[in-house]
Number of protein chains: 2
Amino acid sequence: MHKVEYLGEPTPEEIRELFERALSRGAVLVVFARCKVHYEGRAKSELGSGDRVIVLKPDGSFLVHQSKKREPVNWQPPGSVVRFEMRELPALVSVRRKPRETLVVEMEEVYHMVLFQAEDYEELALTGSEAEMAEVIFKKPELIEPGFRPLHREKPIKHGIVDILGVDKNGNIVVLELKRRRAELHAVRQLKSYVEALREEHPNVRGILVAPSLTSGARKLLEKEGLEFRKLEPPKRERGTGGRQRTLL
Amino acid sequence: MHKVEYLGEPTPEEIRELFERALSRGAVLVVFARCKVHYEGRAKSELGSGDRVIVLKPDGSFLVHQSKKREPVNWQPPGSVVRFEMRELPALVSVRRKPRETLVVEMEEVYHMVLFQAEDYEELALTGSEAEMAEVIFKKPELIEPGFRPLHREKPIKHGIVDILGVDKNGNIVVLELKRRRAELHAVRQLKSYVEALREEHPNVRGILVAPSLTSGARKLLEKEGLEFRKLEPPKRERGTGGRQRTLL
DNA sequence: TCATGCATCTCGGGA
DNA sequence: TCCCGAGGTGCATGA
């Protein structure tokens, strides 16, 4: 029982066998093939014949990669159900329910395929996120300004969710919109929307965009709307504690 | 000269050789290995030891896949430069400039690796995009309402870019914001922002959100702001003409 | 190059 | 389940 089993130039029956084995054993299957791809669901696409790398994961994820770009040319997300079908050509058919989506890969020639019984108990530990910017601000509110007091994190308001809600030394309500990277127009629209929602209930509301930098357009809209900017870089911990940290609650 | 070359349980020197061959021949290289991954750049991450599928594309794209999820756990985008390094363990090092980002995969055990000389001249033909919704509206403006005349597509205004700008039968300026799927708060904020920008120059501006449906929150903000909604599904052509269409300009 | 916005976005969290 | 917003978003487009 090795971690890897492979076949070169498999027959259709061999393809089916290795596919079924991967499925039943919860292994990853990678197929190197010339194929056509048909997709229909949220959108619809066709991809003519060419050589691609096909990855089937045990969680139902299905990727078709061309030899360029980071993104798969076609895919199916986790939870999809895949089967092997012998049509005119051997085919992999993946179906997702809700929304209904179907991916069909017709394999004209399979050059190689690999079953990989992957064992992996590790999770990514990532640092430098917006969540960590928020933590820093709660620990050192003076990074925003003297007298600032953060009160709520991810606070739902009338039309959206505010990153950080607090008060300044003069009792004004302060809305912070955080961005881990250069803030764009999009971020200013968010902040403006939150400030306007809060101003319906309170007389004095300030909005502050907190980010490492601003695009030119973002700065223009920010100034026009009387909103503010504080420069802040996302922190990079020495040792990330995992994407989702449930630190010190 | 076959399309596929593979090695099972390769030695470090064999790993290097197949890697170099893939690089020089512009082939895709897929490695099945137990590895650790270190990333630093826009953010920073660590991934402990586990079995993963590593994909190197000739355009510099670099993917590290765990056995779950559609997304690679770590990656490098096209244009990155990869090299093999013999450290304590054989390692793949990929560097991107602008922004500077480094990905290091330390391979503790390589179970299998495949060089794939992929030939592919096909591009995805996709239909059901927002761009196609716009085409439909320009061809049949009455889908919005009787007397509507679309004038501009992707029109830059003060603080953003309007999907479609036109006039109604009463001479009002009309801004359309298109969404190919259920429209969320985000879309309403965009539309509101565009309408407000145009109202600074013109007295009568209407804003219409065009989408298959609306989230509850989007509907509430839309109504509060006096904006409008027209239900429209993105069209699905019988034969998609390729992602980017430069049709009939 | 930068800025802007779409995407079959994906993914996670909360109600 | 839906809704909302982050993301090392990726990616194309236009200035």
Side-chain angles (χ1 to χ4, degrees), chain A residues 39-45 61 68-78 80 96 98-103 124 126-131 133-134 154 156-157 159-163 177-187 189-190 213-220 234 236 243-244 246, chain B residues 39-45 61 68-78 96 98-103 124 126-131 133-134 154-157 159-163 177-187 189-190 213-220 234 236 243-244 246:
Chain A
Y39 157 74
E40 180 152 15
R42 288 168 290 177
K44 183 179 174 185
S45 73
S61 306
K68 289 178 181 167
K69 303 285 172 189
R70 202 209 76 140
E71 291 302 299
V73 63
N74 282 111
W75 71 90
Q76 205 69 291
S80 308
R96 175 195 199 182
K98 206 60 171 92
R100 184 82 181 182
E101 297 195 287
T102 306
L103 186 65
L124 189 72
L126 185 136
T127 181
S129 62
E130 182 192 290
M133 290 179 74
E154 301 267 312
I157 59 166
H159 305 289
I161 302 166
V162 162
D163 277 343
E177 174 60 34
L178 313 185
K179 285 289 172 254
R180 65 169 305 287
R181 59 173 190 179
R182 176 175 270 247
E184 305 180 5
L185 269 178
H186 172 65
R189 287 194 199 116
Q190 276 183 61
S213 63
L214 273 180
T215 67
S216 50
R219 165 151 275 129
K220 271 175 26 188
K236 288 183 190 169
R244 307 299 134 202
R246 62 222 71 205
Chain B
Y39 156 76
E40 180 151 17
R42 288 169 291 178
K44 183 179 175 186
S45 73
S61 307
K68 290 177 182 170
K69 303 285 170 190
R70 203 211 75 142
E71 291 301 299
V73 63
N74 280 111
W75 71 92
Q76 207 66 296
R96 175 195 198 181
K98 205 61 168 86
R100 183 84 181 181
E101 297 194 287
T102 306
L103 186 65
L124 189 71
L126 185 137
T127 181
S129 64
E130 182 190 291
M133 288 180 75
E154 301 267 312
K155 174 78 176 168
I157 60 165
H159 304 290
I161 302 167
V162 161
D163 277 343
E177 174 60 34
L178 313 184
K179 286 290 171 248
R180 65 169 304 288
R181 60 172 190 175
R182 176 176 271 248
E184 306 181 3
L185 267 179
H186 172 66
R189 286 193 200 117
Q190 276 184 59
S213 62
L214 274 180
T215 66
S216 51
R219 164 152 278 129
K220 269 171 33 184
K236 289 183 190 169
R244 307 299 132 200
R246 59 223 71 207

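In what follows, every heavy atom counts, from backbone to side chain, and hydrogens, waters and symmetry copies are set aside. Just so it is clear, the model here is predicted, and its values are computed rather than measured. Each chain gets a letter, A, B and so on, in the order the sequences are listed, and its residues count up from 1.
- Within 4.0 Å of B:Pro78, counting heavy atoms only, lie sugar-phosphate atoms of the nucleic acid but no base atom.
- Regarding contacts with the backbone of D:dG10, a side-chain N or O of B:Trp75 is found under 4.0 angstrom from either OP1 or OP2.
- Partners of A:Pro77 by side chain to side chain contact (heavy atoms under 4.5 Å, CB included), not counting sequence neighbours, listed by chain and number: A:Trp75, A:Ser80, A:Arg96.
- Counting non-hydrogen atoms under 4.0 angstrom, A:Gln190 reaches the backbone sugars and phosphates but no base.
- When rounded to the nearest whole Å, the span between CD1 of B:Ile161 and C1' of C:dG5 equals 7 Å.
- The residue B:Gly217 sits close only to the backbone: its heavy atoms come under 4.0 Å of sugar-phosphate atoms, none of a base.
- One finds a side-chain N or O of B:Thr215 lying less than 4.0 angstrom from the OP1 or OP2 phosphate oxygen of D:dC4.
- Residues A:Arg181 and A:Glu130 have side chains not in contact (no heavy-atom distance under 4.5 Å, counting atoms from C-beta outward).
- Every residue was checked against the side chain to side chain donor-acceptor pair (under 3.5 Å) condition with A:Asp163, not counting sequence neighbours, and none meets it.
- Nucleotide D:dC4 holds its P atom 10 Å from the CG atom of B:Leu214, rounded to whole Å.
- In this structure, B:Glu130 places its CD atom 11 Å from P of C:dT8, rounding to the nearest Å.
- Residues meeting the ring pair (Phe, Tyr, Trp, His ring centres under 6.0 Å) test with B:His186, sequence neighbours left out: A:His186.
- For the segment residues 178-187 of chain A, the set of residues with a heavy atom within less than 4.0 Å of an atom of DNA chain C comprises A:Arg182, A:Glu184, A:Leu185, in numerical order.
- Considering only residues two or more places apart in sequence or on other chains, B:Thr102 meets the side chain to side chain contact (heavy atoms under 4.5 Å, CB included) condition with B:Val93, B:Val95, B:Val104.
- Protein atom CE of A:Met133 is 17 Å distant from nucleotide atom P of D:dG5, rounded to whole Å.
- In this structure, A:Glu71 atom CD and C:dC6 atom P are separated by 17 Å, rounded to whole Å.
- With sequence neighbours excluded, the residues satisfying salt bridge (charged side-chain N to carboxylate O under 4.0 Å, His left out) with B:Arg70 are A:Glu71.
- Atom CG of B:Asn74 is separated from atom P of D:dT9 by 13 Å (rounded to the nearest Å).
- Atom NZ of B:Lys220 and atom C1' of D:dC3 are 11 Å apart (whole Å).
- Judged by closest nucleotide on DNA chain D, A:Lys98 is the one of A:Gly128 and A:Lys98 placed further toward the 5' end.
- A:Glu177 comes within contact range of the sugar-phosphate backbone alone, with a heavy-atom separation under 4.0 Å but no base atom that close.
- Looking at heavy-atom distances under 4.0 Å, A:Pro77 makes no contact with the nucleic acid at all.
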